[in-house]
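Only one structure is covered here, and it is reproduced in the block below.
All of these numbers come straight from a predicted model, not from anything done at the bench. Proteins come first, then strands; the chains are lettered A, B, ... in the order of their sequence lines, and each starts at number 1.
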Amino acid sequence: MNIYNDLESLIKKKIKSKSKDLGIPIEVKSYRFNIERSKNPDRGDISTNAAMVFAKPLNIKPRLLGEWLTKELKCSAHIQSAEIAGPGFLNIRIKNDFWHSALKEILIEGPEYGKSELGIGKKVNIEYVSANPTGPMHVGHGRGAIVGDVLANLLEKAGFDVTREFYINDAGKQIDILAHSVFFRYQQALGKEISNIPEGLYPGEYLMDTGKKLAEMYGGKWLEVDKSKWLPTIKEFAVKEMLGLIRKDLELLGVKHKIFTSEKSLIDAFAIDEVIEYLEQQNLVYTGLLEEPKGKKSKDWEKRPQLLFRSSKFGDECDRPLKKSDGTNTYFASDIAYHRDKYLRGFNKMIDVWGADHKGYVRRMEAAVSAITGDNGTLEVRLCNLVNLFEDGEPIKMSKRAGRFVTLADVIDAVGKDVVRFIMLTRSNEATLDFDLSKVKEQSKDNPVFYVQYAHARTCSVIRNAAETFPYLSLDDSRLANADQKLIVDMDGYELVKLLCNWPKVVESAALAQEPHRIVFFLSEIASAFHTFWNRGNEDESYKFIIPSSAEKTVARVALARAVAIVIASGLAIVGVEAVEEMR
RNA sequence: GGUCCCGUAGCUCAGCAGGAUAGAGCACCAGAUUCCUAAUCUGGGGGUCAGAGGUUCGAAUCCUCUCGGGACCGCCA
């Protein structure tokens, strides 16, 4: 049950019949109108701008249409009153009976409450993390991993059939450098004197371990032979090791992918050649010269013929190279092949989560997806901005050279997985995020993770204490669902129920916008509302949840607290954070 | 040079695909509090939504320009 959706279809139905009566046929579906929680409670529970939206196409004055609509709506079983206000807003008040049944429904549905049918029957592929397998994950990768993972959870809650995918960039220059860096550590492990790490290689000490393992496995076998002999073996081994590191980090974060696709395996299967051939057939490929980028002078620029993709035909500024001037494939080419692979596996709807530094790449990739799917597929890219780490308000400078390199695992170790996951979603993914490691350890209301978890713990505490006060009462959800819910009226409990009833709408709109941070914002709002309720009990005994003189009242209020717990737990489940029951 | 993003309270940011008096947290000011977990709470001040035009019943939101900040810009991924 979703009151907003119910009202929407009711209003659409009414408008349809009105348009028939007026003899002005309109496509109701193609108009978008709002149905939202009233910001000001004096205006009722829910407001809509429907009358203003439909006034124009129906050629009728907004207030006239609004007056007619209010009359119609008042006939509905759940609607207490409907009034027209301002330029033509409808303010709707819902009957208390409805809130009773809504509360009951939350208790019956439990963790399922908030599920939506928005995405039923729709497959989505969401690709995230996709860090180069050249070392352990840093905090920025972690943000992408969490945003992707929570977005996947969110879309699942909204009914989509979600596949979580990781693209392994195990080909190309970076991997060459990795292999050479590992070879260097291998030599070192076999006793070669090292003064400093050669220019251009990865200096990270985490590679020493990989070098040692190679030395144990192969001894001095690779020392005196030609590079062409050792390179393939060491490459493969190094990638496997690095991927192992990344998977370990992901496990620490609680992030699990279903599919790992290797770039190298796509290349080996000639997927790139195939996709280029496909584009050639579509006449979207030609050999040409690119203009020199203006303003950014480089000494060694010279025009060279390259194989180019006509991305400008799909809204990109210029065409983009598929092959380097030496004839080898660009990363773009293999990325196109990869997205075509996803499309051929049955995914029309694809989402990629990237770092914000790849922004310039978005348009060409979208162009490519249009081309390779014949406009049957869509790619949507969510970008994640930087994470700045702080300790006691002071920025933690991260410098690989100075050896101060804070990895994701370090941060998880310092504050815990749940805190990392939650904090990463306290900003919209496009905004840079300041993450203060000392602040999130505080047990105070300044710490949003604590604030939300504490609200949940308090609801659990209410149930524990109620059970102690009334040992003979059964307080499981099915009993609570049958409580006499009118008894919450004298503590203004409906206000809380109304807020909880927004949960399905929050899930839907966050899923539509692909903005997982909205879940966290909503959780904070519920937590705040619940704490406010709680505190009222400190000022006035009659507002307490447990009323020793009345088992019936207590059961009704415990039901309310339990519903709060269900919604918070359900939101935390999407975020991937444990809902703790006690915080002593 | 070009493309894109951003500019909302002193600070950090929300603002749901144009809607009613622009919100929250921190900070500030004034009060409350032997509590079902006070690991606080209530109230208050504070805004020309960078600026100027435009679109319309209605703009923080859409369009144009100006100013300010940032990111990216062939053979890296």
Exercise for the section: Report the base-pairing partner of B:G10 (Watson-Crick or G-U wobble, both distances below 3.5 angstrom), or none. Expected result: B:C26
Handout entry: side chain to side chain contact (heavy atoms under 4.5 Å, CB included) assessment of A:Q306 paired with A:K323
Key = CA-CA 6 Å; A:Q306 285 176 281; A:K323 285 185 187 293; 5.8 Å; no
Handout entry: Check: A:F530 ring centroid to A:H456 ring centroid under 6.0 Å
Key = no
Practice task
With the side chain of A:P87 defined as its heavy atoms from C-beta on, choose the nearest nucleotide among B:G19, B:C75, B:U12.
Solution key: B:G19
Exercise for the section: Could you tell me whether A:E539 contacts a base, only the sugar-phosphate backbone, or nothing, with contacts defined as non-hydrogen atoms closer than 4.0 Å? Expected result: sugar-phosphate
Handout entry: Pair partner, B:G1 [Watson-Crick or wobble, under 3.5 Å]
Key = B:C73
Exercise for the section: Establish, with yes or no, whether the OP1 or OP2 oxygen of B:C75 is under 4.0 angstrom from a side-chain nitrogen or oxygen of A:T328. Expected result: no
Exercise for the section: Tell me whether A:F89 is stacked on the nucleobase of B:A20, counting only the six-membered base ring and applying the 5.5 Å and 30° thresholds. Expected result: yes
Problem - Nearest-angstrom distance from the residue atom CD of A:E541 to P of B:U34 - result: 12 Å
Problem - Pairing partner (Watson-Crick or G-U wobble, both distances under 3.5 angstrom) of B:G47 - result: none
Handout entry: Distance, P atom - from B:A60 to B:U55, rounded to whole angstrom
Key = 16 Å
Exercise for the section: Please determine, for the side chain of A:Q306, which listed nucleotide (B:U37, B:U12, B:C75) has the closest atom? Expected result: B:C75
Practice task
Classify the nucleic acid contact of A:D319 as base, sugar-phosphate or nothing, counting any heavy atom under 4.0 Å across all strands shown.
Solution key: nothing
Exercise for the section: Select base, sugar-phosphate, or nothing to describe what A:Q443 touches, counting heavy atoms under 4.0 Å on all strands. Expected result: base
Handout entry: Aromatic ring proximity A:F422/A:F450, centre distance under 6.0 Å
Key = no
Handout entry: Sugar-phosphate only, base, or nothing, as touched by A:N169 at under 4.0 Å among non-hydrogen atoms
Key = sugar-phosphate
Problem - Atom-pair distance (CD on A:E36; C1' on B:G23), nearest Å - result: 14 Å
Practice task
Considering only NZ, NE, NH1 and NH2 on the basic side and carboxylate oxygens on the acidic side, decide whether A:E541 and A:K544 come within less than 4.0 Å.
Solution key: yes
Handout entry: Worked verdict on A:E525 versus A:R37 for salt bridge (charged side-chain N to carboxylate O under 4.0 Å, His left out)
Key = CA-CA 14 Å; A:E525 196 178 345; A:R37 171 163 53 121; 3.1 Å; yes
Handout entry: A:Y167/A:Y338 aromatic ring centres below 6.0 Å
Key = yes
Exercise for the section: Check every strand shown and say whether A:S528 touches a base, only sugar-phosphate, or nothing at a heavy-atom separation below 4.0 Å. Expected result: nothing
Exercise for the section: Look at the side chain of A:S509 and decide which nucleotide, out of B:A77, B:C36, B:C16, has an atom nearest to it. Expected result: B:C16
Practice task
Kindly state whether the ring of A:F33 and the ring of A:F54 have centres lying under 6.0 angstrom apart.
Solution key: yes
Problem - Sugar-phosphate only, base, or nothing, as touched by A:F332 at under 4.0 Å among non-hydrogen atoms - result: nothing
Handout entry: Between B:G15 (C1') and A:F521 (CZ): distance, integer Å
Key = 10 Å
Exercise for the section: Tell which nucleotide pairs with B:G19, taking only Watson-Crick or G-U wobble pairs whose two distances are both under 3.5 angstrom. Expected result: B:C57
Handout entry: Distance between P atoms of B:A32 and B:C13 (Å, rounded)
Key = 36 Å
Exercise for the section: Give A:H531 one of three labels, base, sugar-phosphate or nothing, depending on what nucleic acid heavy atoms sit under 4.0 Å from its own. Expected result: nothing
Problem - Short side-chain donor-acceptor distance under 3.5 Å, A:Y202 and A:Q174 - result: yes
Practice task
Check every strand shown and say whether A:A85 touches a base, only sugar-phosphate, or nothing at a heavy-atom separation below 4.0 Å.
Solution key: base
Practice task
Could you identify which residues of residues 545-565 of chain A place a heavy atom less than 4.0 Å from some atom of RNA chain B, listed by residue number, or say none?
Solution key: A:F545, A:I546
Practice task
Taking only the side-chain nitrogens and oxygens of A:K324, find out if one of them lies under 4.0 Å from OP1 or OP2 of B:C75.
Solution key: no
Practice task
Give the C-alpha distance, both sets of side-chain angles, the deciding distance and a yes or no for side chain to side chain contact (heavy atoms under 4.5 Å, CB included) between A:V555 and A:L473.
Solution key: CA-CA 9 Å; A:V555 170; A:L473 278 183; 3.6 Å; yes
Problem - Nucleotide nearest A:H517 (side chain, heavy atoms from C-beta), chosen from B:U37, B:G15, B:A77 - result: B:G15
Practice task
Could you give the distance separating B:G51 and B:C67 at their P atoms, to the nearest angstrom?
Solution key: 16 Å
Practice task
Classify the nucleic acid contact of A:K505 as base, sugar-phosphate or nothing, counting any heavy atom under 4.0 Å across all strands shown.
Solution key: nothing
Exercise for the section: For A:R536, answer base if it contacts any base atom (sugar-phosphate contacts may also be present), sugar-phosphate if it contacts only those atoms, and nothing otherwise; contact means non-hydrogen atoms under 4.0 Å. Expected result: nothing
Exercise for the section: Could you please name the option among B:C16, B:U37, B:A77 that lies closest to any side-chain atom of A:K39? Expected result: B:C16
Practice task
Report which part of the nucleic acid A:S461 touches: base, sugar-phosphate, or nothing (heavy-atom distance under 4.0 Å, all strands).
Solution key: base
Practice task
Give one of base, sugar-phosphate or nothing for A:A55, where a contact means two heavy atoms less than 4.0 Å apart.
Solution key: nothing
Exercise for the section: Name the closest nucleotide to the A:R363 side chain, picking from B:C4, B:U42, B:A39. Expected result: B:C4
Problem - Rounded distance in Å - CG (A:L64) to P (B:C57) - result: 18 Å
Handout entry: Minimum-distance nucleotide to A:K56 side chain [options: B:A20, B:C57, B:U37]
Key = B:C57
Handout entry: Euclidean distance, atom CG of residue A:D434 to atom C1' of B:G25 [Å, nearest integer]
Key = 14 Å
Handout entry: Candidates B:A77, B:G74, B:C36 - which lies nearest the side chain of A:N538
Key = B:C36
Problem - Pair A:Y286-A:F309, ring-ring contact (aromatic ring centres under 6.0 Å, His included): steps then yes or no - result: CA-CA 7 Å; A:Y286 65 102; A:F309 164 61; 9.7 Å; no
Exercise for the section: Please work out if A:S428 contacts a base, only the sugar-phosphate, or nothing of the nucleic acid, heavy-atom cut-off 4.0 Å. Expected result: sugar-phosphate
Problem - Partner nucleotide of B:C36 by Watson-Crick or wobble geometry (both distances under 3.5 Å) - result: none
Exercise for the section: Look at all strands and tell whether A:S444 reaches a base, only sugar-phosphate, or nothing, counting heavy atoms closer than 4.0 Å. Expected result: sugar-phosphate
